[in-house]
Structure formats: C-alpha cells, structure tokens
Amino acid sequence: MNHPPIVAIVGATGAVGVEFLRCLEERNFPLAELRLFASARSAGKHMTFRGQSLVVHELTEQSFSGVDIALFSAGGSLSKKFGPIAAKAGAVVIDNSSAFRMNPDVPLIVPEINPQEINNHKGIIANPNCSTIIAIVPLWPLHKINRITRIIAATYQAASGAGAAAMQELLDATKAALNGQEYPPTVLPHPYAFNVFSHNASVDLQTGYNEEEIKMVKETRKIFGDPDIRISATCVRVPVLRAHCESLTVEFMSPIQADQVRDILSHAPGVKVVDQREKNYFPMPRDASGQGDILVGRIRNDLSDPTGRSIALFVAGDQLLKGAALNAVQIAELLVAKN
Ligand code: A2P
C-alpha cells in the first residue's frame, strides 16, 4: 500500500458502521475512496462522508476488488463468510466481530497495548470485544509496572453493544412503559425498560459463565500476552443507550497504593481520570458517550485485601467508539503508518 488506501465499510448502516464513518472523518484518515456496504435492505441509501453523499451498496463476493482496508461490523457469520473473501481479494480486514479473535494467526489489537502485533497479520486483524477493551486500556499501564494476577469484573453494558435495533428497542420500550403500555421484547431476551438482566450472550450450562464473560477472560490474556492472569467477570445489560461501565477489582503481584494508580492513569494514553470524591463525581455513561477516552474513577485500595495488593476501580467507555469503531480505525492508522 504505497498510496492512500481504498477503504470499505461492511455494515455501514449499523450502530458501529455509522461511527466508522465519523471516526474516519474526525481523525482525517488518509483515504483515496470510501465504499459502503450493508444488506440488500439498505442498497441505494445515502450516507454523508466529508460533505459528500455516498451510496450504500449490497455486500456481495465481488465487493472487495481494489479495496485495501475493509472495516467489518456486520456480525460474526458475515465476517466468517466475507472476511476470508476480502483478504483473498487483497484487502486487510479489520473485523469487529468475535469470529477470528482467538485464532492464533489473527492479531487481536488494542493500539495503546500491543501495536507491534500489526506486523503479524495474514490479511485479517481482530478488534477485541468492547467490554475487554474498556477494562484493559486503563489496566495495561498498571500491569506494566506491577503485574496483575487477578481481575474480578462486573459490567453494566449499554444497548449499543447489541446493535442499532437494540438501542431502538430500549427507546421504544421506555416510551411504552411511561405510557403504561406493554412492550414485548423482540431484539433482546427480556423487557429492557427500567430493568437489568444478565448479558444476552449464550450461557455455558456447565460453568454458568456466558460467552461475553469468557471473551473478557480469553481476550485479555491474549492481548496482554499473559495466559496466567486469573479473571472472573459478570456481564449484565443495563438500560443505557451507548456507553458501558465496569467495576474492576484488581489484584497485583506486589502492594500498590491508590495514589500511585491515580498518578499512573493520569498520564496513560486513552484514559481520563474522573475521580472527585468530594463531589461524588465519578465515571458515568453520559459523560463517556461520544468520547474516545476511557473514564476511570472510584480508585481505591480494596479494603478486603489485607496484603495491600488489590485496587478497586470504576470505568466507563463509549462502546461504539473505543469499544468498537475508534479502536478499529486506530488499527487502520497503524496499518497506514507501517506502509
Ligand atoms: P442493514 O442496515 O442493511 O441491515 P447493527 O450492529 O447495528 O445491528 O448493524 C448491523 C450491520 O450489518 C448493518 O449495517 C446491517 O445492514 C449489516 N448487515 C446485516 N445483514 C447483512 C447482510 N446479509 N449483508 C450485508 N450487511 C448486513
């Protein structure tokens, strides 16, 4: 690629797709042409990019001719089918689904953590799960100076992680509830308005963990290059539109002080410390929405660990941005910089 790349977006009309366009535009990504793909339902729709109206095309096996970088966010089964087709046609695929993440031939990249992995791709690069990214961007700079041995996570996940239709379901179900009407859910498995429920990913009947929780375990180990970190997560949907929060209790190899953590995180890339104890002002999804940084607060020594090796944190990050589109566009930037 010794020219500005031709970039394709697969799933351009979806919740993440729209943010791909916005990130490419806002970050002034150097591209020669942007091509938009979605299902036949959206063919002929127009979307605006850099003041130009672009037509959305139906995704077909021929869509990738001449494409240098293909950003995918149209679900795992489409990635599995079209990812290899795009790579074979010469594109580098950056895939937001879970289809390839644990494949040893596929780098799983968070640019603040393992940018060097960009050199190891064979045509497909995976973008990690949103809950994983939001947890580990602030944990990495701590892990580098004092190895993390164990993480206990509880997530508070927004509708956006389940796509545009789930966001609409939250709005419609809330309106119906306020009007005293029934709203049978069609996208998510349980009533969403004024409710909280275990993540909609499938549950392993043996262990009781759901797939989202297991993604956090396996992906963190792969990205950190540390297969021994012990991790347990509880993933839950909350009636919030677009930013995830997570409570993280983290055990380190050696004793660590909350002040030291606050100091390290205040200089960490991709992180903003929001930790105003006097004002009871800490990370919130409202504040995280629309920004690329992961907000971190409630930074405190875990009182339940007498060895002084554990820290409790609360984080919030925009699932559609750093949890998806922004991270993928940052990976594309690494690709361009490499060439
Ligand atoms: P469409 O809008 O035409 O259905 P979300 O994650 O918000 O649910 O978005 C999913 C994205 O994947 C949308 O852009 C959607 O397009 C796209 N998509 C769904 N099915 C297909 C398909 N069969 N071929 C191409 N794109 C698809």
Side-chain angles (χ1 to χ4, degrees), residues 1-75 78-79 81-83 85-97 109 111 118 121 123-125 127 130 160 163-168 171 241-243 289-293 318-339:
M1 216 193 303
N2 46 15
H3 54 86
I6 294 177
V7 176
I9 298 180
V10 175
T13 50
V16 175
V18 170
E19 299 300 330
F20 277 146
L21 271 97
R22 191 170 301 164
C23 288
L24 291 169
E25 180 159 338
E26 281 177 3
R27 297 174 73 85
N28 214 7
F29 187 88
L31 55 80
E33 188 188 332
L34 184 61
R35 299 181 187 168
L36 306 180
F37 299 99
S39 77
R41 295 179 291 276
S42 303
K45 267 192 193 165
H46 287 253
M47 297 178 80
T48 303
F49 179 68
R50 293 183 181 156
Q52 275 190 306
S53 178
L54 302 182
V55 183
V56 178
H57 298 280
E58 180 185 357
L59 180 70
T60 69
E61 297 191 7
Q62 284 69 47
S63 297
F64 301 100
S65 162
V67 169
D68 298 300
I69 298 175
L71 301 168
F72 271 64
S73 191
L78 256 98
S79 291
K81 177 174 176 197
F82 286 95
I85 292 173
K88 200 159 172 229
V92 180
V93 172
I94 302 173
D95 182 42
N96 194 48
S97 81
I109 300 181
I118 201 75
H121 77 81
I124 300 180
I125 299 168
N127 203 47
C130 47
S160 55
M167 296 170 82
Q168 193 57 49
L171 291 171
L241 272 178
R242 74 171 276 170
S289 289
Q291 64 167 300
D293 287 337
D318 191 320
Q319 184 276 327
L320 294 174
L321 291 178
K322 188 59 188 169
L326 171 61
N327 197 71
V329 169
Q330 288 175 312
I331 294 172
E333 288 170 351
L334 292 176
L335 270 180
V336 170
K338 172 177 177 262
N339 288 291

Novice: Check Ser97 against Gly75 and note the closest heavy-atom contact, atom names and distance.
Specialist: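 The answer is CB-C, 4.0 Å.
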
Novice: With sequence neighbours excluded, tell me which residues meet side chain to side chain contact (heavy atoms under 4.5 Å, CB included) with Lys338.
Specialist: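 In terms of side chain to side chain contact (heavy atoms under 4.5 Å, CB included), with neighbours along the sequence ignored, Lys338 is linked to Ile118, Asn119, His121.
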
Novice: Run the side-chain hydrogen bond (donor to acceptor under 3.5 Å, both in side chains) test against Ser73 and tell me which residues pass, sequence neighbours left out.
Specialist: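 Only Asn96 meet the side-chain hydrogen bond (donor to acceptor under 3.5 Å, both in side chains) criterion with Ser73.
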
Novice: Would you sort out whether Leu326 and Asp318 count as a side-chain contact (heavy atoms from CB on, under 4.5 Å), showing the intermediate values?
Specialist: CA-CA 10 Å; Leu326 171 61; Asp318 191 320; over 6 Å; no

Novice: Could you give the distance from CG (Leu54) to CD (Glu33), rounded to the nearest 0.5 Å?
Specialist: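 Interatomic distance, Leu54 CG to Glu33 CD, rounded to 0.5 Å: 9.0 Å.
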
Novice: Quick check for you: to the nearest 0.5 Å, what is the distance between Leu34 atom CG and Ile69 atom CD1?
Specialist: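 It is 11.0 Å, given to the nearest 0.5 Å.
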
Novice: In chain order, what residues pass the side chain to side chain contact (heavy atoms under 4.5 Å, CB included) check against Ala43, with sequence neighbours excluded?
Specialist: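 For Ala43, the residues satisfying side chain to side chain contact (heavy atoms under 4.5 Å, CB included) (neighbours in sequence not counted) are Glu58.
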
Novice: Under 3.5 Å, which donor-acceptor pairs link side chains of residues 13-26 to any protein atom two or more places apart or in another chain?
Specialist:
residue	atom	partner	partner atom	Å
Glu19	OE2	Arg22	NH1	3.4
Glu19	OE2	Arg242	NH1	3.3
Glu25	OE1	Arg50	N	2.7

Novice: Quick one: does Pro111's side chain get under 4.5 Å of Ile331's, heavy atoms only?
Specialist: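 The answer is yes; the side chains approach within 4.5 Å.
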
Novice: I'd like to check the side-chain hydrogen bond (donor to acceptor under 3.5 Å, both in side chains) partners of Ser65; sequence neighbours left out, ordered by chain and number.
Specialist: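 With sequence neighbours excluded, Ser65 shows a side-chain hydrogen bond (donor to acceptor under 3.5 Å, both in side chains) to no residue whatsoever.
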
Novice: Quick one: does Asn327's side chain get under 4.5 Å of Gln330's, heavy atoms only?
Specialist: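 SC-SC contact between Asn327 and Gln330 confirmed.
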
Novice: Just jot down the side-chain hydrogen bond (donor to acceptor under 3.5 Å, both in side chains) partners of Gln168, sequence neighbours excluded, or say none.
Specialist: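 Expected list: Asp172.
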
Novice: Going through the checks in order, is the side-chain contact (heavy atoms from CB on, under 4.5 Å) test met by Leu241 and Leu171?
Specialist: CA-CA 8 Å; Leu241 272 178; Leu171 291 171; 4.0 Å; yes

Novice: Quick one: which residue pairs count as a ring-ring contact (aromatic ring centres under 6.0 Å, His included) with a foot in residues 28-61, not counting sequence neighbours?
Specialist: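 Checked against ring-ring contact (aromatic ring centres under 6.0 Å, His included) - neighbours excluded - no pair reaches residues 28-61.
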
Novice: Work out which heavy atom in Ala32 is nearest to a heavy atom in Pro4; give both atom names and the distance.
Specialist: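 Closest approach of Ala32 to Pro4, heavy atoms only: CB-O, 3.4 Å.
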
Novice: What I'd like to find out is whether the side chain of Val10 reaches to under 4.5 Å of the side chain of Val93, using heavy atoms alone.
Specialist: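 SC-SC contact between Val10 and Val93 ruled out.
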
Novice: How close do Asn127 and Ala324 get, counting heavy atoms only, and between which atoms?
Specialist: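 It is ND2-O, 3.0 Å.
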
Novice: According to ring-ring contact (aromatic ring centres under 6.0 Å, His included), who are the partners of Phe64, at least two apart in sequence or on a separate chain?
Specialist: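 Here the qualifying residues are Phe72.
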
Novice: So, taking the atom named CG in Leu78 and the one named CG in Leu59, what distance separates them when rounded to the nearest 0.5 Å?
Specialist: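 With rounding to 0.5 Å, CG (Leu78) is 6.0 Å from CG (Leu59).
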
